[in-house]
Amino acid sequence: MVKTAVLVSGGGTNLQAILDAMLFGEIKNCEITAVISSSPEAYALTRAKNAGVPAYVVDIKSFPNRRFFTDAIIDKLRDLDIELVVMAGFKYILTSRFTSVFDSRIINIHPSLIPAFCGEGYYDIHVHEKALEYGVKLTGATAHFVTREPDAGPIILQKAVEVREDDTPETLQKRVMEEAEWKILPRAVSLFCEGRLKIEGRVVRILPEKLSK
Ligand code: GRF
């Protein structure tokens with residue numbers, strides 16, 4: 001079982017998608033060891049509690065800067081012997097020490113088809129505002145490995161979502177979550193835990209399912 005921690009900051013709907021997929025046996029060879037929240041008020045903590053998953057708070061407000069906050073998260077992950085880190089609606093960019101320590105072992109979900117609408121400043125509802133402003137007809141979500149540069153790591157899975165004439169940033173955000181994020185994030189976690197992701201440069205190869213006896 002791959003010991004997995006989910007980093008959250010808010011509502012935790014992506015965390016819920018992972019917990020539900022675990023319950024339905026859709027994620028193989030994975031143990032959700034911990035949920036770590038950057039805020040004590042995050043509803044994601046209640047979701048963890050309801051699922052019987054240990055939840056911890058590393059409160060961003062109690063650290064003077066990003067470096068100390070990152071170090072505290074790393075310490076917690078190391079204490080728990082975490083092998084895979086999933087960023088599920090986690091709002092903060094951590095320092096490069098985080099991506100070095102957990103190199104090729106951090107998965108993030110981003111609400112657009114990378115390389116469109118990603119990087120510095122593209123987070124949360126702003127991603128959908130920018131997509132509508134630009135006039136794209138298709139958007140979606142991307143599950144990817146996290147590297148030093150925001151949203152630029154090797155892509156694991158993507159799923160497209162159509163933009164409708166009457167979409168607002170809010171309606172588009174909701175559809176992207178329901179139709180794409182909540183589907184591909186649990187799938188990406190399972191593929192990692194099954195040992196089926198092979199990173200070649202910036203390309204991720206998905207290896208075929210191992211035949212069970
Ligand atoms: C949404 O903005 C989604 O697009 C982004 O994270 C937010 C959802 O957060 N990836 P959560 O999973 O409900 O906490």
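In each ligand, atom 1 is the first atom listed, and ligand 1 is the first ligand listed.
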Practice problem: Give, for atom CG of N65 and atom OG1 of T70, the distance between the pair rounded to the nearest 0.5 Å. | Solution: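 N65 CG to T70 OG1: 8.5 Å, rounded to 0.5 Å.
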Practice problem: Drop me the distance from K159's NZ to T142's OG1, to the nearest 0.5 angstrom. | Solution: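 That separation rounds to 12.5 Å.
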Quiz item: Taking the inter-plane angle between the rings of Y92 and F90 on a 0 to 90° scale, is it parallel (under 30°), tilted (30 to 60°) or perpendicular (over 60°)?
Solution: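 It falls in the perpendicular class, over 60°.
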Suppose we measure from [atom] to each protein heavy atom; which comes out shortest, and what is that distance?
| atom | result |
| --- | --- |
| atom 1 (C) of ligand 1 | Q173 NE2, 3.7 Å |
| atom 7 (C) of ligand 1 | D124 OD1, 4.3 Å |
| atom 3 (C) of ligand 1 | E181 OE1, 3.2 Å |
| atom 12 (O) of ligand 1 | N14 N, 2.9 Å |
| atom 13 (O) of ligand 1 | T13 OG1, 2.6 Å |

Under 4.0 Å from a heavy atom of [X]: which atoms of ligand 1 are those, numbered in the order shown and with their elements?
| X | answer |
| --- | --- |
| P111 | 4 (O), 10 (N) |
| G89 | 6 (O), 9 (O) |
| G12 | 11 (P), 12 (O), 13 (O), 14 (O) |

Considering only distance and modelled atom types, tabulate donor-acceptor pairs under 3.5 Å from the side chains of residues 133-141, sequence neighbours left out.
none

Exercise. Spell out, yes or no, whether V6 and L197 are grouped together once hydrophobic residues are joined by side-chain heavy atoms under 4.5 Å, including indirect joins.
Key: yes
Quiz item: Between D71 and R97, is there a salt bridge with N-O shorter than 4.0 Å?
Solution: yes
Self-check item: side-chain hydrogen bond (donor to acceptor under 3.5 Å, both in side chains) partner of D167, chosen from H128, K174, R175
Solution: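 Of all the options given, the one that passes is R175.
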Quiz prompt | Geometric N/O contact G10 with ligand 1, under 3.5 angstrom | solution = no
